[in-house]
Amino acid sequence: MSQPRVVVVGGGVVGTACALAIARRGIGVELREANGALALMASGTNSGILHTGFDSKPGELETALILRAAELRPAVLETLGVPFVRCGAVMAGDGAALAENARANGVEVELGEDGTLVVPGEGITDPVAFTLALGAAAVAHGASIKFGARVDRPVNADIIINAAGLGAAAVARLHGDAAYDIHPRKGEFLVFDVPPPERILLPVPTAVTKGVLVFPTLDGRTVAGPTAVDLDYADWTVRPEARGEILEKAVAMYPALDGAEPAFAYAGLRPTGRRGVNYVVERSVVEPRLIHAAAIRSTGLTASLGIAERVVELAGLADREEAPLLAGAPPKAAGGPWWRRTADRLGLS
Ligand SMILES: Cc1cc2nc3c(=O)[nH]c(=O)nc-3n(C[C@H](O)[C@H](O)[C@H](O)COP(=O)(O)OP(=O)(O)OC[C@H]3O[C@@H](n4cnc5c(N)ncnc54)[C@H](O)[C@@H]3O)c2cc1C
């Protein structure tokens, strides 16, 4: 195949990263996004943290792609002008087992005598700016982005990249592939006009979630969250009870929040594979033109560049020369800070 026609379905951080990686290899690519803008779903409603992978299970695909993305990311952030602050994270509690885990993943950590674990490499970004910058860079390399372009019938292309987040199982089924199901796992956040902590404050993570964190934003706010509520349908509202659930945990970690009134609240929906399915980054076994980049539940912002590189390999395009990134200021997202953009558009603020 000399010049395959590639369509990417989904304009979140995974789809835009894939479009950029393919466009940089000189391949024509069209990204189809159902909404009227990029990054309105999980990619614009997360914690905005670029994780190191210190707590990820060694040997898993998710971990491998997080670690690979960490190698690729600095040049991308710098060249595309995406803001990032390497503020570090701290986890109070018995960090010994996680320190071992971090070492197995080659991630730098400092374990205090009281069990406190410091992870210097964790940091914060603007996830909307990140996604918009990847999209703009893809366009600069010749990609086209179609908005209001919901894929609701089989795509006519040589290679179809399924990065449709919550819609990925439906897109797969359109192509005869029913290998997995996706459901939303809601994460709710409270935003405070309270001076932020210097570092990201982490609880000890569980198998299901990283738990409620307290973290600074680039615009000087303090955010606490997320919750983890499994849903069967997309509901972007913040439940009334979320406030109490979050505050109880957040105040224990950051007493400055005691008595503080949230200035804003937002929710994000993690595209979660049912029955523990996570990180479906593979070629479809029933439709060889289809490559899944789906069920990227909780670390996709961090791992996106690694996922995209893997997709390029799966598409058989890895031997093509990669053009250098083009420098440019990332486009500004209209409508205030990233953490309120989706809620504002959905009329939830
Ligand atoms: C509460 C929460 C906290 C998180 N915190 C972090 C964090 O701190 N760090 C981190 O690395 N990750 C975090 N994540 C995970 C990260 O946000 C996701 O892994 C990532 O955004 C997934 O990106 P995506 O592109 O796969 O999905 P999405 O961003 O959901 O994008 C999918 C896109 O596909 C489009 N689409 C769907 N169906 C169709 C269709 N049929 N046709 C066309 N377009 C379609 C949608 O409109 C959407 O724009 C968090 C997620 C949540 C929800």
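Counting starts at 1 for both ligands and their atoms, in listed order. What you see below is based on every heavy atom in this structure, not just the backbone, and it leaves out hydrogens, waters and symmetry mates.
For the pairing with V312, the side-chain contact (heavy atoms from CB on, under 4.5 Å) check across E322, R320, R25 returns one residue only, R25.
For the atom pair CD of E100 and CG of N105, the computed distance is 11.0 Å after rounding to the nearest 0.5 Å. Rounding to the nearest 0.5 Å gives a distance of 11.5 Å between CD of E309 and CD1 of I307. Atoms OG1 and CG, from T299 and L301 in turn, are 9.5 Å apart once rounded to the nearest 0.5 Å.
Using a 4.0 angstrom heavy-atom cutoff, A149 counts as in contact with ligand 1. Ligand 1 lies nowhere less than 4.0 angstrom from a heavy atom belonging to L40. Using a 4.0 Å cutoff on heavy atoms, L166 does not count as a contact of ligand 1.
Distance from atom 29 (O) of ligand 1 to its nearest protein heavy atom, with residue and atom name: S43 OG, 2.5 Å. Among protein heavy atoms, atom 34 (O) of ligand 1 sits closest to G10 CA, 3.2 Å. Looking only at heavy atoms of the protein, atom 40 (C) of ligand 1 is closest to V151 N, 3.6 Å. In terms of protein heavy-atom proximity, atom 47 (O) of ligand 1 is closest to E33 OE2, 2.6 Å. In terms of protein heavy-atom proximity, atom 26 (O) of ligand 1 is closest to V14 CG2, 3.5 Å. Looking at atom 18 (C) of ligand 1, its nearest protein heavy atom turns out to be I296 O, 3.5 Å. With hydrogens left out, the protein atom closest to atom 31 (O) of ligand 1 is G12 CA, 3.5 Å, a heavy atom.
Considering L301, T272, N46, T302 only, the shortest heavy-atom separation from atom 4 (C) of ligand 1 involves N46. The residue from G268, G225, A169, A164 that puts a heavy atom closest to atom 39 (C) of ligand 1 is A164.
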**OP:** Please assess I27 against Q3 for the test side-chain contact (heavy atoms from CB on, under 4.5 Å), listing each intermediate value before the final yes or no.
**Re:** CA-CA 7 Å; I27 310 287; Q3 190 59 282; 3.5 Å; yes
**OP:** Test side-chain contact (heavy atoms from CB on, under 4.5 Å) on L190 and F192 and set out the steps.
**Re:** CA-CA 7 Å; L190 304 176; F192 297 89; 3.6 Å; yes
Subject >> Verdict with supporting geometry, W338 and T125, side-chain contact (heavy atoms from CB on, under 4.5 Å) >> reply: CA-CA 10 Å; W338 67 262; T125 188; over 6 Å; no
Original post:
Would E287 and D177 count as a side-chain contact (heavy atoms from CB on, under 4.5 Å) if you check the C-alpha gap in whole Å, the side-chain angles of each, and the deciding distance to 0.1 Å?
Top reply: CA-CA 7 Å; E287 169 50 274; D177 187 341; 5.6 Å; no
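Under a hydrophobic-cluster definition in which Ile, Leu, Val, Met, Phe, Trp and Tyr are linked whenever side-chain heavy atoms come within less than 4.5 Å, directly or via other members, V85 and V76 are assigned to the same cluster. In this structure, V9 is not a member of the same hydrophobic cluster as L134, with clusters built from ILVMFWY side-chain heavy atoms closer than 4.5 Å.
Against a heavy-atom cut-off of under 4.0 Å, T299 is close to the following atoms of ligand 1: 10 (C), 11 (O), 12 (N), 15 (C), 19 (O). Against a heavy-atom cut-off of under 4.0 Å, A163 is close to the following atoms of ligand 1: 32 (C), 34 (O). Under a 4.0 Å criterion applied to the non-hydrogen atoms of G48, ligand 1 contributes the atoms 8 (O). The L269 neighbourhood of ligand 1 comprises atoms 53 (C), with distances under 4.0 Å to a heavy atom of that residue. Atom numbering of ligand 1 starts at 1 in the shown order; those under 4.0 Å from a heavy atom of R32 are 43 (C), 44 (N). Below 4.0 Å from some heavy atom of G167 lie the following atoms of ligand 1, by number and element: 38 (N). Interface of G165 with ligand 1, defined as ligand atoms under 4.0 Å from a residue heavy atom, comprises 27 (O), 32 (C). The atoms of ligand 1 that sit less than 4.0 Å from any heavy atom of V171 are 41 (N).
A distance of 6.0 Å or more separates the ring centres of F189 and W339.
In terms of polar-atom proximity, R270 is not counted as a contact of ligand 1, lacking any N or O under 3.5 Å from an N or O of the ligand. Note: an N/O pair closer than 3.5 Å links A34 and ligand 1 by distance alone. At least one N/O-N/O distance between S298 and ligand 1 falls below 3.5 Å. When only interatomic distances are considered, the shortest N/O to N/O separation between S47 and ligand 1 falls below 3.5 Å. The shortest N or O to N or O distance between A42 and ligand 1 is under 3.5 Å. Considering both main-chain and side-chain atoms, I49 comes within under 3.5 Å of ligand 1 through a nitrogen or oxygen pair.
Using modelled atom types, one side-chain atom of K186 and one backbone atom of T237 make a donor-acceptor pair closer than 3.5 Å.
Under 4.0 Å from ligand 1, not a single heavy atom of K186 appears.
The nearest pair of heavy atoms linking R5 to R32 is NH2-NH2, 3.8 Å.
Look at D230 and R274 and you find no salt bridge, because none of the NZ, NE, NH1 or NH2 atoms lies under 4.0 Å from a carboxylate O. A salt bridge links D219 with R221; the closest basic N to acidic carboxylate O contact falls under 4.0 Å.
In the displayed structure, E78 atom CD is contacted under 6.0 Å by at most 12 heavy atoms of other residues, nucleotides or ligands.
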